[in-house]
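Sharing a structure below in structure tokens format, with a few things to ask.
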Amino acid sequence: MWKAPKYLVVETESLPEVFSRVVYAKHLLEQGETTSISQAAKMAGISRSAIYKYRDAVFPYIRDMSGKVSSFYVLVKDRPGMLSSLIAELYRNGANILTINQNIPVDGLAAVSVSLSFDETTTSDMEVLNALKKLQGVVEARKLTAH
């Protein structure tokens, strides 16, 4: 017997308008434009009960999260500002840091693992890898995975 999927991606134009308005009300609350559900409902043009009914079931589709994710291993010299330089280089290359972990230095070197997301407009993961390899204080850099 066929079982319906738990989630669907549906264009907003094909849904009742209340769903889009609930997402808008949630956005108002998340952005701090209001702290009151009553006020968010009023601003979105829906009832409070609609927010309570659908708030845990309706979410916007975020295209950025469907972009490419890559993980890197970087071995850096243990010196002040090294992690900061690494993060600055990732920023310059338009990478979005999802996770970052630096291990305790051993023999003057610290291992850093970082997971990054890229969208269509950012530098490629290989360009980021090459930029990291050129960074002063980086001993080794390699790409671990790509999803």
Heavy-atom closest pair (A41 atom, R48 atom, distance to 0.1 Å) is CB-N, 3.8 Å
Go through the steps for L135 and L86 under the test side chain to side chain contact (heavy atoms under 4.5 Å, CB included), then give the verdict. CA-CA 8 Å; L135 194 60; L86 184 78; 4.2 Å; yes
Could you tell me whether the side chains of S49 and S47 share a donor-acceptor contact shorter than 3.5 Å? yes
Shared hydrophobic cluster, V106 / I104 (ILVMFWY, side-chain heavy atoms < 4.5 Å):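 Different clusters.
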L83 side chain near V112 side chain, heavy-atom distance below 4.5 Å: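 Yes; the side chains approach each other to less than 4.5 Å.
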With sequence neighbours left out, write down each residue that passes side-chain hydrogen bond (donor to acceptor under 3.5 Å, both in side chains) with R92, or none if nothing qualifies. E89
Can you confirm whether K53 sits close enough to V18 that some side-chain heavy atom of one is under 4.5 Å from a side-chain heavy atom of the other?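 A side-chain contact under 4.5 Å is absent here.
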Is it true that V58 and Y52 fall in one hydrophobic cluster, defined by side-chain heavy atoms closer than 4.5 Å?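 V58 and Y52: one cluster.
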Validation row: M126, L129 side chains within 4.5 angstrom (heavy atoms): yes
Within a strict 4.5 Å, meaning less than it, do heavy atoms of the L116 and N96 side chains meet?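 No, side chains not in contact.
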Quick one: are V22 and I46 in side-chain contact, heavy atoms under 4.5 Å?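 They are in contact (side-chain heavy atoms under 4.5 Å apart), so the answer is yes.
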I'd like to know if Y91 and I87 are part of one continuous hydrophobic network [Ile/Leu/Val/Met/Phe/Trp/Tyr, side-chain heavy atoms within less than 4.5 Å].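 No.
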With the 4.5 Å side-chain cut-off for hydrophobic clustering, are V23 and M43 part of the same group? no
Euclidean distance, L28 CG relative to K26 NZ, rounded to 0.5 Å: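 Those atoms lie 12.0 Å apart.
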Kindly give the heavy-atom pair with the smallest separation between A110 and N103, and that separation in Å. CB-O, 3.7 Å
Can you tell me how far the CE atom of M82 sits from the CG atom of L109, to the nearest 0.5 Å? 11.0 Å
Do R21 side-chain atoms and A44 backbone N/O form a donor-acceptor pair below 3.5 Å?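 Yes, the answer is positive, given that a donor and an acceptor are paired below the 3.5 Å cut-off.
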Test side chain to side chain contact (heavy atoms under 4.5 Å, CB included) applied to V139 and V76, step by step: CA-CA 5 Å; V139 176; V76 297; over 6 Å; no
Against the six-membered ring of Y73, is K143 placed for a cation-pi contact (under 6.0 Å from the centre, within 45° of the normal)? no
Do F72 and D125 touch side chain to side chain, with heavy atoms closer than 4.5 Å?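 Yes, at least one pair of side-chain atoms sits under 4.5 Å.
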Nearest heavy atoms of I51 and A25, plus distance in Å: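 That would be CD1-CB, 3.6 Å.
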Do any N or O atoms from the side chain of K133 and from the backbone of E140 form a donor-acceptor pair under 3.5 angstrom?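 The answer is no, because no donor-acceptor pair under 3.5 Å joins these two groups.
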Under a 4.5 Å cut-off applied to non-hydrogen side-chain atoms, are V74 and R142 in contact? no
Side chains of T35 and L29 in contact at under 4.5 Å (non-hydrogen atoms): no
If you count every heavy atom of other residues, nucleotides or ligands that lies below 6.0 Å from E33 atom CD, does the total exceed 12?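 Yes, enclosed.
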Joint cluster assignment, L15 & F59, ILVMFWY side-chain distance < 4.5 Å: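 L15 does not cluster with F59.
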Test item: side-chain donor near acceptor, T12 and S20, under 3.5 Å: no
Taking side-chain hydrogen bond (donor to acceptor under 3.5 Å, both in side chains) as the test, write out the residues that go with D56, two or more places apart. none
